[in-house]
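Please read the structure below before turning to the comments.
Within every chain, numbering begins at 1; the chains are lettered A, B, ... in the order of the sequence lines, protein sequences first and strands thereafter. Given the structure is predicted, the values throughout are model-derived calculations rather than measurements.
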Amino acid sequence: MSRARTEEIMIAAIARMLVGLSHVAVGAASPIPGSAALLARELSGGALRVSLLGRNSNPTFTDGARELFDCAAQGRIDAFFLGGAQIDGQANINLVSIGDPDRPKARFPGSFGSAYLYFLVPRVILFRQEHSPRSLVPEVDYISAPGVSEPNVYRPGGPYALVTGRCVFDFSKKRKRFALKSLHPGETLEDIERETGFAFDIPEREAILETEVPNAEWLELIRGPVGNEIREIYPNFAEKMFGAA
Amino acid sequence: MTVILKTADEIAASIPDGILLALPPEYAPCSMEGIRALVRRGAKNLRLLGVPQFGFQADLLIGAGCAAEVETAAVTLGELGLAPRFTDAVKHQKIAMRDTTCPAIHAALQASEKGIPFMPLRGLIGSDIVARRDDWKIAQNPFGENDPIVYLPAIRPDATLFHAAKADIHGNVWIGVRRELMVMAHASAAAYATVEEIVETDLLADPQTAPGTIPGLYITAIAEARKGAWPLGVPDLYERDHGHLAHYVELAGSQEGFDAYCEQWVMHRAAAQ
């Protein structure tokens, strides 16, 4: 078994955050979280229900695209995943544009359901493989969905963690900040400080963990049943990661 | 009474310029033959509503100059990346872009289904989506205390256009599990569908098909269009044509390339077959 790739380390790190949950949903453009959710389902012996959007076979929902959002509003979804062209230190995410939104320097697809699900799903796990001052910024150019809200705003949900290609951050709702939790193999605290555009809490040196690399059994699951299932939605990702079908 | 038309071009001829046109996402069948017919007839100033997100069909309409405004939660070609003509049009202010979020579109269409003026929706507060939408209001929950909530005005599209596996001669359209199409048909003033086939049996009379069928009551006109969703797919019938879409993305990086694509694949009706 060849050693774990960065994507596989991220998949395993996210899967560990889903242990014990009963229903997670996965949105658009989310091959790594999708794989993580399927891995967590394999490890749960099938107890975890995974709703993968964009899949035609075995749909979880039968009442159209709105059902995911209604389901989340009722508290029936425990975890969801959001990325961001930019993510800032208060966990605001930007899925829209760089620069003035009316005359953008760069334009991305758009906010999808983020501005809603970020408020309603208890455990929203942020992910961004590119960990650089360009993607992790002091302040986003456009707030697709805010990381924190005023106390009178109805918000049972919100950011739980941020998983990048270099490390894992926890998010503290109280402190409204990220805290470094674990470094992927080969990364140092100095690397993370240099490559992160926002300020974050740093625990005592000895409290900084190394992100656990998936073992042979997990890698076999990722490269076997998980890879085969994610291929239906993300054929390019599956081919790059696991080879031709 | 649903009108049965002969071609997607006759449907496109029934859809006037300048209207608010609701279109489905790529995971519910899109009437690509209807979209190509709109380009062929030189449709202008359409206001496109993505329910809730867009891909290839909006990129084609934008590139061909058919759209003045786009309201949607996202425009993406999935693993093929950004939609090239949409991205160019926003950067150069060729269209007015109204960013929104998926559940806001679903909720505003539900308001229209119910014939009520607005729908409240959780979330959203503090997002720049709200800050940039002067047609939305943040108001108090009338049944609560100090509980702000967003009010969205109902959206009543002038028309909706989609594709389905089959319809019957009474104008009933079978959509199976893709019930966003049902909401779109209920909420819109007119509904047009291209279908793979028009059958002689009554889809509402069969308990197997009736629950997944839009009654002809809501359907203005249908036309048969075999492989009418191509190069997108129809669940269980045919897959999305990744190779063709990759070819499109390559060409549509420039307006000249896009025009060449249209000349070959859109303007000549037989090209797609």
Side-chain angles (χ1 to χ4, degrees), chain A residues 27-29 31 53-57 59 61-70 72-73 92 94-97 101-120 140-157 233-237, chain B residues 24-28 50-54 72-80 82-83 86-88 90-93 97 99-107 109-110 121-132 141 144 146-149 177-183 212 233 235-236 242:
Chain A
L53 267 71
R55 173 160 70 175
N56 283 318
S57 59
F61 300 118
T62 54
D63 205 13
R66 74 188 177 90
E67 191 179 352
L68 162 72
F69 304 102
D70 295 351
N92 297 310
N94 172 10
L95 294 159
V96 169
S97 55
D102 290 321
R103 295 161 188 278
K105 277 186 251 163
R107 168 76 208 198
F108 309 112
S111 302
F112 293 96
S114 65
Y116 183 80
L117 294 171
Y118 211 14
F119 288 74
L120 295 166
V140 295
D141 288 16
Y142 181 104
I143 300 175
S144 284
V148 294
S149 300
E150 295 298 322
N152 66 338
V153 172
Y154 179 81
R155 187 160 195 179
I233 310 176
Y234 302 105
N236 295 357
F237 173 79
Chain B
E26 294 197 347
Y27 49 77
V51 184
Q53 70 201 42
F54 271 133
T72 187
V75 184
T76 172
L77 296 179
E79 285 198 306
L80 294 171
L82 298 172
F86 163 74
T87 309
D88 179 77
V90 173
K91 278 187 173 173
H92 298 99
Q93 297 111 53
M97 180 61 196
D99 272 289
T100 178
T101 184
C102 309
I105 295 172
H106 298 308
L109 289 173
Q110 281 182 280
L121 192 73
R122 287 298 188 191
L124 293 167
I125 296 169
S127 162
D128 279 336
I129 297 173
V130 183
R132 294 170 53 80
N141 166 7
N146 190 21
D147 180 16
I149 189 164
V177 84
R178 297 287 20 141
R179 296 186 71 86
E180 48 278 272
L181 300 176
M182 184 81 80
V183 177
D236 301 323
H242 284 282

Pick from A/D63, A/D70, A/V153: which one has the most heavy-atom pairs with chain B under 4.5 Å? A/D63
Any idea which of B/I105, B/I129, B/T87 has the most non-hydrogen atom pairs under 4.5 angstrom with chain A? B/I129
Looking at CD of B/Q53 and CG of A/L53, how far apart are the two atoms once the value is rounded to the nearest 0.5 Å? 8.5 Å
Whatever's closer than 4.5 Å to a heavy atom in chain A on B/Q110 counts as side chain
Heavy-atom contact with chain A under 4.5 Å, split by part of B/Q93: side chain
Just verifying a value: how many Å separate B/I125 CD1 and A/Y154 OH, rounded to the nearest 0.5 Å? 12.5 Å
If you tally heavy-atom pairs under 4.5 Å against chain B, which of A/N94, A/L68, A/N152 wins? A/N152
Closest approach of B/F86 and A/P109, non-hydrogen atoms and distance? CE2-O, 4.4 Å
If you count heavy-atom pairs under 4.5 Å with chain A, which of B/V51, B/T76, B/D99, B/T100 comes out on top? B/D99
For B/D128, the salt bridge (charged side-chain N to carboxylate O under 4.0 Å, His left out) test, sequence neighbours excluded, returns none
A/Y118 portion near chain B, given a 4.5 angstrom heavy-atom threshold: neither
In terms of heavy-atom proximity below 4.5 Å to chain B, should A/P31 be classed as side chain, backbone, both, or neither? neither
When A/F108, A/F61, A/Y234 are compared by non-hydrogen pairs under 4.5 Å with chain B, the top option: A/Y234
Here the gap from B/L124 atom CG to A/Y116 atom OH, rounded to the nearest 0.5 Å, amounts to 9.0 Å
Heavy-atom cut-off 4.5 Å, strictly under: side chain, backbone, both or neither for A/S114 against chain B? backbone
Please enumerate all residues that pass salt bridge (charged side-chain N to carboxylate O under 4.0 Å, His left out) together with B/R122, with sequence neighbours excluded. B/D147
Separation between CD of B/E180 and CZ of A/R66, rounded to the nearest 0.5 Å: 10.0 Å
For A/R107 versus B/K91, what's the shortest heavy-atom pair and its separation? N-CE, 4.3 Å
Note: vs chain A, highest number of non-hydrogen pairs under 4.5 angstrom among B/S127, B/P103, B/G126 is B/P103
Where on B/M97 is there a heavy atom nearer than 4.5 Å to chain A: the side chain, the backbone, both, or neither? side chain
I need the residue from A/A72, A/P235, A/G157 with the largest number of non-hydrogen atom pairs under 4.5 Å to chain B. A/P235
Under 4.5 Å from a heavy atom of chain B, the part of A/S111 involved: both
Chain B heavy atoms under 4.5 Å from A/A73: which part of the residue, side chain, backbone, both or neither? neither
Which atoms form the tightest heavy-atom contact between B/C102 and A/F69, and what is the distance? CB-CZ, 3.5 Å
First locate atom CZ of A/R103, then atom NE2 of B/H92, and finally report the distance between them rounded to the nearest 0.5 Å. 11.0 Å
With chain B, the option among A/A29, A/S144, A/A28, A/A145 that has the most non-hydrogen atom pairs under 4.5 Å is A/S144
Surrounding CG of B/N146 (heavy atoms of other residues, nucleotides or ligands, distance under 6.0 Å), is the total greater than 12? yes
Sort B/H242 into side chain, backbone, both or neither according to what part of it lies under 4.5 angstrom from a heavy atom of chain A. side chain
Is any side-chain heavy atom of A/E67 closer than 4.5 Å to one of B/R179? no
Name the option with the most non-hydrogen atom pairs under 4.5 Å to chain B; the candidates are A/A106, A/S97, A/G113. A/G113
Does a side-chain heavy-atom distance below 4.5 Å link B/R132 with A/D102? yes
